[in-house]
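All ligand and atom numbering here is 1-based and tracks the order in the structure. Sequential numbering from 1 along the given sequence is applied to the chain's residues.
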Amino acid sequence: MTVFICSLFLPKTIQFSLPGNSRRRHTISKRQGAFAPAQPPAVDVTPSLFTRQPDITPPHTPVDEPTTPDPFANEDGFRIQFPHSDNSPADKGSKSWGGRADQPKSRANTPPPADIFESRRTLQKATELGRRGIVKPRALMRSESHDKVFASAQWRVVNADQGNGGLRNAAMAAARDGKLSDYTWVGTLGMPTDALEGTQQKQDIEDTLATEHDMLPVFCSDKDFDGHYSHFCKQMLWPVFHYQIPDNPKSKAYEDHSWKYYVNVNQAFADKIIQNWKHGDVIWIHDYHLLLVPGMIRKKLPEAKIGFFLHVAFPSSEVFRCLAVRKELLEGMLGANLIGFQIQEYTRHFLLTCSRILTVEATPEGLQLEDRFVDVVHLAIGIDPISLNKHRAEPEVMKWLSVMQERYQGKKLIVARDKLDHVRGVRQKLLAYELFLNKNPEWRENTVLIQVALSSGEPSELDAAVSDIVTRVNSSWANLAYQPVVYLKQDIDYAQYLALLSIADALMITSQREGMNLTSHEYLFCQDGKILPDKKHGSLILSEFTGTSSLFGKNELSVNPWDYRQCADAIKQALEMGEEEKTRRWENLYKCVVHQTGSHWFTELLGHLDRSYDEQHKRDQTYVPRLSMNSVSAQYASAQRRLFILDYEGTLVSWGPVNQIIPVSPQRTLDVLNDLLLDERNTVYVMSGRRPEELDRVFRRVPNLGLIAENGCFLKDCGSDEWLEMADASQITNWKESVKPIMQYYLERTPGSQIEERRCSLLFHYNNAEDYDTASRQASDCASHVNDACESQRVHALAADGAILVEPLDWTKCTAAQCVFEQLSKSVKSDEAHGKPVDFLMVVGDGREDEKVFKWANNLGSQEKIEHVVTVSLGSRSTEATATLTQGVSGVLNCLQRLASSS
Ligand SMILES: O=P(O)(O)OC[C@H]1O[C@H](O[C@H]2O[C@H](CO)[C@@H](O)[C@H](O)[C@H]2O)[C@H](O)[C@@H](O)[C@@H]1O
């Protein structure tokens, strides 16, 4: 059994050795996947906390590689500072795609990024102001000769600097802990690959990754990848999932065309997995880049065990519904057996979003689809303390620690490492820090904020804004010996990262939204004082809008990043906090971090997927036997008091158009019911969504029949002329007043639609609409709108055939059936001499509403409250019923007729 771990980026990529590349001369051993550096390193220019930085920007156009051979390069990888280590910060931050000098350039020829004009304006402004720092990296040029160079270049497999470090660390930890044995990673190489198309090299790379690294590379065209990642993911999904709705024309420009690239890349993943899947394998798909993959696989492999985990936040339904392709995205996710989120808030948003947008039934455990159940859970990812502990004791970390101790002696250090995009709130943090210094002169010369900012790709207004603030703070309060902000607009290596976390007095995270934030976990771990006994239990200032914050129980200094005053006060509080309070807070936080590890997260979710799959499969595969006429006849014959609860449309008569009055009285049905009722031991109820008067008309020639109308809101007992209104009339009137104007709004915009008012429900019919597709979209919006607006009124909107049905939650066919049974039981008690308790209950139905009645009836049987319980479902849907009948309405009528005749 193989576990396929599918994420956009593989943990490995390919590094090419190019002729004439003076920066890195290598001999290659492809078997070992290793280059040998020909020259010893001349100067160490690895980005560092001490490289003199101009206040505004890096000194040169950023490139992803150091300009000399990396002194830390080792046989297994490059830019990994610990030999034989695959570790890196859990929240890594992905580099821009296709920008590396030792990888092919992209052939994507999509339009320039939407904000390029904005960037140009920003550049112009910056030039006017005399800045040169936000220079856009030169466009990457490729040519035929460029491709040829790569096609014949030597290459090796190296660790990727893109991707989700938290996921990778968790998988490695689970494997190390013996919880994950056979696994294969599926993902892209995170580099342009058009240049390799049709070459032997591409095949060799694929083979090497498969055989030596257990990795299946997914190849897609540069154009597809660029459209998928740089456009649809980064400009649509990333902002929306983090509550930033791209509502300006420049973003909309990408809406239509980039969607198809998103689909293409997702399809390439699905195809790769489908080709390699074998029975028993587990498919685990990760994150917002691959939302469609579960659905695409499910179509081809209905039996597959598929899990999906979303690492980023899932927004409120109000935000999610702004996405034009909201339905497609949700339906894609619902191809999984289990969907996982980091925290409960995201789970709640997702369930509500599905119930509103797809009008599917949500329960606390998951979603009931027409033919399957999908489990939905939350379980937050964690870090790997074991490897962190090992690596922070490396000499390289010690070296950086001593350098920093000397450099920042007597200063309080607030540290941070974030991606520089709006979502991560770096600007807010700097403004809060500025306010803190302005308000607290006593701290001005004693505090340093070290902000490491990872590039998010394109230069933007944000770069300029952040640089402005850094300049302002430094020019206000710096002197020859002191600089209040150290701003590094590039990543630091892992050793410096660990040193930074260990020496800090506070870590400050001000994300506007974030799925989790594992940097804060790594910080807390490094603050145990084992490496630096005199620096420990530092404070954590953490945005309340991170997933991590919801786990930490306010032991952190929780802040709202938009509230600068509160953030500034939190900095002061962090720096002035007494040892006792710091220790108490840290101990509680530390417990959380070391209990909830990445390895635990990984194995728990895989275990959960197994359980969900087995359970769902049992339900789907449970062979629901055909109704045995012999056995039901025997039970019927032995019973003294029989109760039948029979669904009407789809069960006793074929379905008619829901918005039409039932045209004819179905004679055969009436005859069968009358025959059953000839035996006075029989009590028969017919249940329906129809109105009381309709049922009266249909069944006027069946005296003594009990009726349940409007799905349980009305009940008419056997032999009675009176309808009992089960539902609370005033509650119904209230919600109808809210729902009617909403329906009216959609009616006016959907030619050919109709509203039908029943006593306790409202229907929006669109079956006869002029443009069915548009009408069905309108209907679904109408349902979401009703569900949103009337949430507190105990009412819900559901999709019915060609209609949206709005009905109360508190009165159902099941509550009516319960009432019927209770009444019968009471009448037995009051007439003990003659009354007999019900000893035979038969429920027959075909719809989802009937399932609740089956469940209730089966419970009565299993609790031995009724001796014989027979629940029968028509059709092939998964069911709670204990028997099925496949011959439809005529099968039901034949069965009832045989029972009636045997009396
Ligand atoms: O930038 P991308 O390549 O699109 O990837 C998105 C981010 O993925 C990872 O972060 C997410 O997962 C983390 C672990 O579950 C979680 O802590 C974080 O809140 C999520 O956003 C990755 O660590 C980031 O660098 C990527 O930007």
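- In this structure a side-chain-to-backbone donor-acceptor pair under 3.5 Å is missing from Thr193 to Leu196.
- Within ligand 1, counting atoms from 1 as listed, the ones closer than 4.0 Å to a heavy atom of Gln342 are 15 (O).
- With a 4.0 Å heavy-atom cut-off, ligand 1 is reached by no atom of Cys233.
- Below 4.0 Å from some heavy atom of Leu518 lie the following atoms of ligand 1, by number and element: 14 (C), 17 (O).
- The backbone N or O of Leu420 lies less than 3.5 Å from no partner atom in the side chain of Asp418, so there is not a single donor-acceptor pair.
- Remark: ligand 1 and Trp238 share no N or O pair separated by less than 3.5 Å (distance only, no angle test).
- Residue-ligand proximity, Gly515 to ligand 1, at heavy-atom distances under 4.0 Å covers atoms 19 (O).
- Of all the atoms in ligand 1, the ones that sit under 4.0 Å from a non-hydrogen atom of Ile381 are 14 (C), 15 (O).
- Listed by atom number, the atoms of ligand 1 under 4.0 Å from Glu514 heavy atoms are 18 (C), 19 (O).
- Relative ring orientation between Tyr229 and Phe9 is described as perpendicular, the plane-to-plane angle rising above 60° on a 0-90° scale split at 30° and 60°.
- At distances below 3.5 Å, not a single donor-acceptor pair connects side-chain atoms of Lys272 with backbone N or O atoms of Val186.
- The proximity of Arg424 to ligand 1, defined as any non-hydrogen pair under 4.0 Å, is limited to the side chain.
- Looking only at atom types and distance, the side chain of Ser550 has no donor-acceptor partner in the side chain of Glu345 under 3.5 Å away.
- Residue-ligand proximity, Tyr229 to ligand 1, at heavy-atom distances under 4.0 Å covers atoms 1 (O), 2 (P), 3 (O), 4 (O).
- In this structure, Ala380 and Gln596 approach most closely via the heavy-atom pair CB-NE2, 3.2 Å.
- Residue Asn164 holds the heavy atom nearest to atom 9 (C) of ligand 1 of all those in Asn517, Asn164, Val423.
- Remark: Arg326 fails to qualify as a cation-pi partner of Phe320 under the 6.0 Å distance and 45° angle criteria applied to the six-membered ring.
- When heavy-atom distances to ligand 1 are checked against a 4.0 Å cut-off, Gln162 has no atom that comes that close, whether in backbone or side chain.
- Within the listing of ligand 1, atoms 11 (C), 12 (O), 14 (C), 15 (O), 20 (C) sit less than 4.0 angstrom from a heavy atom of His311.
- Under a 4.0 Å criterion applied to the non-hydrogen atoms of Phe9, ligand 1 contributes the atoms 3 (O).
- Applying side chain to side chain contact (heavy atoms under 4.5 Å, CB included) to Phe308 and the options Ile285, Ile283, Val376 leaves one that passes, Ile285.
- In this structure, Arg417 forms a cation-pi arrangement with Tyr497, its terminal cationic atom sitting closer than 6.0 Å to the ring centre and no more than 45° off the ring axis.
- On a distance-only criterion, Met516 and ligand 1 share at least one N/O pair closer than 3.5 Å.
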